[in-house]
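Have a look at the structure below before the remarks.
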There are 2 protein chains.
Amino acid sequence: MPAPTLQALFSNQPVEKFDCGAALFWEGDDATHVFEVLEGVLRIFRILGDGRRVITGFIYPGDLVGVSLKKRYLYTAEAITPTKVRRFTRMRFETEINESPELRPQLFARLCDEMAAAQDQMVLLARKNAEERVASFLLMLARRLCQDAALCPEIELPMTRLDMADYLGLTIETVSRTMTKLFNRKIIAPSGRHAIIIRNMKELATIAGDDDEDFRPTIHANVHQAVWPHA
Amino acid sequence: MPAPTLQALFSNQPVEKFDCGAALFWEGDDATHVFEVLEGVLRIFRILGDGRRVITGFIYPGDLVGVSLKKRYLYTAEAITPTKVRRFTRMRFETEINESPELRPQLFARLCDEMAAAQDQMVLLARKNAEERVASFLLMLARRLCQDAALCPEIELPMTRLDMADYLGLTIETVSRTMTKLFNRKIIAPSGRHAIIIRNMKELATIAGDDDEDFRPTIHANVHQAVWPHA
DNA sequence: CGTTAACTTGAATTTTGTCAATGCCTGTGG
DNA sequence: CCACAGGCATTGACAAAATTCAAGTTAACG
């Protein structure tokens with residue numbers, strides 16, 4: 001018996017295909033299934049009452065969708081490219097996880113990664129300007145798409161500019177202008193509309209602010225001394 | 001033997017006190033312990049290289065801190081008010097969780113709640129304006145501090161305006177101005193500097209956009225048809 | 001009761017969003 | 001294989017929202 005992994009768990013399930021724009025599930029649907037993505041890219045998003053859309057993540061092959069949830073899905077998952085997935089019922093998935101001491105920590109680790117990504121995104125949305133957001137985004141893709149980013153500077157952007165905007169909390173125009181600026185500064189180069197080449201990874205990282213996001217213990221200590229008066 | 005709960009798990013650990021401004025741990029520290037908060041309020045935050053601060057959450061009694069993590073803490077946790085906590089070593093905590101089929105789903109549920117909160121926050125930061133952000137924040141506190149919000153309209157705000165600003169992705173001035181507007185419109189009333197009274201919960205919820213954040217399936221279907229040209 | 005930090009308010013500036021027009025891929029059909 | 005249509009992306013001019021800078025005001029604590 002091979003070492004049980006999350007991938008292996010799904011490997012006997014039939015493969016399903018989704019076309020561009022097709023939804024795996026909708027926000028508010030009963031959370032009945034968990035999916036593993038084999039091929040393709042998905043966007044997961046929520047929509048406010050007046051139509052504003054927020055993309056909370058992009059899903060790539062190897063990722064799971066629909067795990068970290070409640071009774072109902074908290075977001076819609078939609079294919080950006082032709083996509084292949086395998087699925088489990090939620091109940092069966094939970095049983096399998098619960099019964100396997102090997103699988104549990106794997107799932108836990110994934111949730112922690114997801115949480116870490118969510119926090120990075122909160123930092124981006126709360127305090128980074130347009131240029132920093134776009135740079136951070138491109139850098140994240142670069143890191144996700146290949147381990148040694150220096151080796152494969154070409155990055156595919158399967159999502160539209162509108163997707164990027166709704167992920168970065170910007171408008172499509174601001175994303176476009178910011179990309180143009182990065183092109184002009186030779187930090188990236190266009191490679192068709194849906195790919196770029198990173199020409200200056202170091203500079204991109206500097207702009208993104210991913211360089212030295214480090215804490216500086218001596219400083220914080222007395223800066224933010226909040227006082228609780230009604231003790 | 002009583003039904004095992006996460007609270008009970010900590011109940012034999014000694015109680016530790018932290019003063020205002022004291023840190024339980026720093027971003028980047030080895031993640032050695034998990035904490036349960038008994039009393040007080042904490043802020044958890046990260047700092048960018050140039051000093052910009054992002055508060056990713058406020059922690060109240062009953063919450064756990066330091067769980068959803070990697071080798072190192074991803075954020076600093078600092079007491080906003082005099083705080084009492086109990087702690088476990090991470091290792092011992094993991095063992096206990098792993099050995100208890102009752103505790104595991106409880107922890108899992110908490111992580112899912114945390115993930116859901118993180119997504120709400122991403123929506124807030126990506127697409128809501130200042131007024132919506134502040135209203136959402138006050139509403140969240142109201143819901144957290146008492147079940148039936150109508151019954152206890154007074155809400156304590158132990159954090160400073162700067163804390164609120166760094167949580168909401170705004171400046172301290174914008175938070176102040178927005179609060180003033182809500183005061184003038186009689187939606188909330190000040191109760192000292194560190195508490196408010198909600199005078200019109202319904203209106204506050206409308207402003208926050210928490211009313212009808214519902215999906216409208218018929219609309220999305222063909223709106224965001226991204227195309228993948230390089231198939 | 002005075003000192004100091006926190007908060008509020010105002011005016012000017014900057015960034016990003018909005019609206020509108022143009023340009024360019026991409027996929028389709030001749 | 002090429003021409004064309006339609007969506008997507010880019011660009012520009014203007015408007016709006018939030019930030020920045022600069023005083024003032026208030027409230028907590030010694």
Self-check item: Basic-acidic side-chain contact under 4.0 Å: D19(B), K17(B)
Solution: no
Quiz prompt | Carboxylate-amine/guanidinium contact D120(B) K128(B), below 4.0 Å | solution = no
Short side-chain N/O contact from [X] to OP1 or OP2 of [N], under 4.0 Å:
X	N	answer
H194(B)	dC7(C)	yes
S176(A)	dA9(D)	no
R177(B)	dT8(C)	no
T180(B)	dT9(C)	yes
T171(B)	dA18(D)	no

Practice problem: Over all heavy atoms of both residues, which pair between I80(B) and P158(B) is shortest? Give the atoms and the distance, please. | Solution: CG2-O, 3.4 Å
Quiz item: What is the distance, rounded to the nearest whole Å, between atom CD1 of I172(A) and atom P of dG17(C)?
Solution: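 Interatomic distance, CD1 of I172(A) to P of dG17(C): 12 Å.
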Practice problem: Would you kindly give the CG-to-C1' distance between D166(B) and dA6(C), to the nearest whole Å? | Solution: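 Spelled out: CG on D166(B) to C1' on dA6(C) is 14 Å.
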Quiz prompt | Donor-acceptor pair present, E173(B) side chain and dC7(C) base, under 3.5 Å | solution =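 No, no donor-acceptor pair under 3.5 Å.
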Self-check item: Distance-only donor-acceptor test (3.5 Å): side chain R193(A), base dT26(C)
Solution: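 Result: no qualifying N/O pair found.
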Quiz prompt | ring-ring contact (aromatic ring centres under 6.0 Å, His included) partners for F18(B), two or more places apart | solution = none
Quiz item: Hey, which of these two, V175(A) or G192(A), hits DNA chain C nearer its 5' end, going by closest nucleotide?
Solution: V175(A)
Quiz item: Toward the 5' end of DNA chain D, which comes first, R161(A) or T174(B), by nearest nucleotide?
Solution: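 By nearest-heavy-atom nucleotide position, the 5'-most residue is R161(A).
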